[in-house]
Number of protein chains: 2
Amino acid sequence: MTTKAYEEYLRDCPAVALLSTISNRWVSLAVCTLGSHGDAMRYNHISREIPGVSQKMLTQTLRMLERDGMVRRTVTPSVPVRVDYELTPLGQGLYGLLSQVRDWAAEKTGEVDEARARYDAGV
Amino acid sequence: MTTKAYEEYLRDCPAVALLSTISNRWVSLAVCTLGSHGDAMRYNHISREIPGVSQKMLTQTLRMLERDGMVRRTVTPSVPVRVDYELTPLGQGLYGLLSQVRDWAAEKTGEVDEARARYDAGV
DNA sequence: CCGCATCCTCTACGATACTG
DNA sequence: CAGTATCGTAGAGGATGCGG
């Protein structure tokens with residue numbers, strides 16, 4: 001439900017609000033997918049790169065990113081329709097950060113796994 | 001439910017799995033709070049810095065971070081009990097990244113707001 | 001091919017109450 | 001103070017089917 005106090009926090013501190021909307025697995029996966037590919041990608045291409053994402057969530061996430069100015073959506077009215085997505089400069093800026101988080105995650109996976117094993121054993 | 005394909009994706013690609021667990025608002029808020037404060041913080045102190053977070057979510061998040069080796073939890077058995085949380089070197093590494101995302105969010109808030117206004121008007 | 005609408009299921013999360 | 005335990009709900013998110 002998100003408390004009243006939290007909603008006020010978000011209203012008073014837009015940076016936290018934006019951080020909160022960015023801190024979402026579908027957002028980071030979508031941005032990283034688009035960013036690492038480099039140029040525009042078709043809808044099905046993106047969905048293939050994120051195995052298991054439902055079209056609902058993918059569409060919803062891409063729309064949100066488009067609304068926030070992170071992604072440009074281009075419709076080519078052929079038959080069948082062709083829709084391309086690409087990061088805007090703003091989105092590329094975010095990708096620059098998120099890709100570092102992704103790389104950090106890749107590098108630290110082992111360390112985290114060990115910590116988990118230690119924690120689970122120590123209980 | 002998270003599809004079978006997605007679960008396999010997480011299993012096959014631990015970096016994505018870790019990225020997904022990090023990409024969570026409570027995680028980023030907790031890490032940023034601990035990181036920007038610099039040294040150890042008591043439970044109530046953290047909760048005051050994140051207005052509106054429920055104790056349930058805060059405890060759950062801190063436990064997860066502790067299990068993943070990002071946070072050290074220190075219990076001082078006085079009366080009443082005193083519990084301190086601080087980032088481990090691993091957690092500090094993550095903070096180094098997340099703080100950049102936070103700063104970026106702060107800087108780009110205006111740009112995002114404009115994009116939203118444009119999008120909403122354009123519909 | 002892209003994606004909206006519908007329905008339905010789970011689970012994330014909040015509220016509340018109780019303990020060492 | 002710093003939790004745990006329990007319960008209830010809103011909303012995330014998946015499955016399915018239709019339409020341009």
Side-chain angles (χ1 to χ4, degrees), chain A residues 1-10 16-17 20-30 33-34 40-67 71-86 119 123, chain B residues 1-10 20-30 33-34 40-67 71-86 119 123:
Chain A
M1 171 196 180
T2 82
T3 57
K4 197 152 172 292
Y6 184 65
E7 283 161 20
E8 283 171 19
Y9 183 33
L10 295 185
V16 168
S20 294
T21 78
I22 290 167
S23 299
N24 168 320
R25 59 180 158 157
W26 301 125
V27 167
S28 47
L29 289 176
T33 300
L34 282 167
M41 294 175 78
R42 301 189 61 174
Y43 181 89
N44 277 337
H45 188 181
I46 303 171
S47 85
R48 252 177 287 116
E49 296 293 317
I50 309 178
V53 65
S54 65
Q55 0 154 283
K56 180 178 179 175
M57 290 320 296
L58 184 54
T59 300
Q60 195 175 109
T61 303
L62 289 170
R63 279 297 139 77
M64 216 199 60
L65 289 170
E66 186 196 4
R67 185 172 111 97
V71 159
R72 179 167 24 257
R73 177 169 175 269
T74 312
V75 182
T76 308
S78 50
V79 182
V81 190
R82 174 196 177 99
V83 183
D84 287 284
Y85 294 90
E86 61 186 323
Y119 184 92
V123 174
Chain B
M1 170 194 176
T2 83
T3 56
K4 196 152 174 292
Y6 184 65
E7 284 161 20
E8 282 171 18
Y9 184 33
L10 295 185
S20 294
T21 79
I22 290 168
S23 298
N24 169 318
R25 60 181 157 153
W26 301 125
V27 167
S28 47
L29 289 176
T33 300
L34 283 166
M41 294 175 79
R42 301 188 60 172
Y43 182 89
N44 276 337
H45 188 180
I46 302 172
S47 83
R48 252 177 287 117
E49 295 293 318
I50 309 177
V53 66
S54 65
Q55 0 153 282
K56 180 177 179 176
M57 289 321 297
L58 183 55
T59 300
Q60 197 175 107
T61 303
L62 289 169
R63 280 295 140 78
M64 216 198 59
L65 289 170
E66 186 196 5
R67 185 172 112 98
V71 159
R72 179 166 28 254
R73 177 170 175 269
T74 312
V75 182
T76 309
S78 51
V79 180
V81 190
R82 173 195 179 99
V83 183
D84 286 283
Y85 293 90
E86 62 186 323
Y119 184 92
V123 173

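In this text, all values refer to a predicted model and were calculated from it rather than measured experimentally. Each chain gets a letter, A, B and so on, in the order its sequence line appears, and its residues count up from 1.
The nearest whole Å value for the distance from the CG atom in B:Leu62 to the P atom in D:dA2 is 11 Å. Straight-line distance from the CG atom of A:Leu58 to the P atom of C:dG3: 9 Å, rounded to whole Å. Rounded to an integer number of Å, the gap from A:Trp26 CH2 to D:dG14 C1' is 10 Å. Summarising the geometry, the separation between CZ on B:Arg73 and P on D:dC1 is reported as 16 Å, rounded to the nearest angstrom. Distance CE (A:Met64) to P (D:dG13): 11 Å, rounded to an integer number of Å. Atom-to-atom, CD of A:Glu66 to P of C:dC4 comes out at 10 Å; the value is rounded to the nearest Å.
The stretch residues 42-55 of chain A touches DNA chain D through A:Ser54, A:Gln55, each having a heavy atom under 4.0 angstrom from the strand.
Of the candidate nucleotides D:dG13, D:dG3, C:dC2, C:dC2 has the atom lying nearest to any side-chain atom of A:Val83.
Side chain of A:Thr76 to main chain of A:Ser78: no donor-acceptor pair is present (N/O by atom type, distance under 3.5 Å, no hydrogens or angles). Without hydrogens or angle criteria, B:Thr3 side chain to A:Gly52 main chain gives a donor-acceptor distance under 3.5 Å.
Take the nearest nucleotide of DNA chain D for A:Met57 and for B:Thr59: the residue whose nucleotide is more 5' is B:Thr59. With the nearest nucleotide of DNA chain C identified for both B:Lys56 and A:Pro80, A:Pro80 has the one nearer the 5' end. Each of A:Tyr6 and A:Gln60 has a nearest nucleotide on DNA chain C; the 5'-most of these lies closest to A:Gln60.
Phosphate contact (OP1/OP2 of D:dG3, side-chain N/O of B:Arg63, threshold under 4.0 Å): present. OP1 or OP2 of C:dA12 has not a single side-chain nitrogen or oxygen of B:Arg25 nearer than 4.0 Å. Dashed line: the shortest gap from a side-chain N or O of A:Tyr85 to OP1 or OP2 of C:dC1 is not under 4.0 Å.
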Checklist line | salt bridge (Lys or Arg N to Asp or Glu O under 4.0 Å) evaluation trace for A:Arg63 with A:Glu66 | finding: CA-CA 5 Å; A:Arg63 279 297 139 77; A:Glu66 186 196 4; 3.8 Å; yes
Mind listing the side-chain donor-acceptor pairs of residues 40-48 of chain A below 3.5 Å, one per line with the distance, residues two or more places apart or on another chain?
from, atom 1, to, atom 2, distance (Å)
A:Tyr43, OH, A:Gln55, O, 3.2
A:Tyr43, OH, A:Thr59, OG1, 3.0
A:Ser47, OG, A:Asn44, O, 3.1

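Side-chain contact between A:Leu34 and A:Tyr85: present, with at least one pair of heavy atoms (C-beta onward) separated by less than 4.5 Å. At a threshold of 4.5 Å between non-hydrogen side-chain atoms, the residues B:Met64 and A:Tyr119 do not count as touching.
Remark: A:Arg82 pairs with A:Asp84 by the salt bridge (Lys or Arg N to Asp or Glu O under 4.0 Å) rule, at least two apart or across chains.
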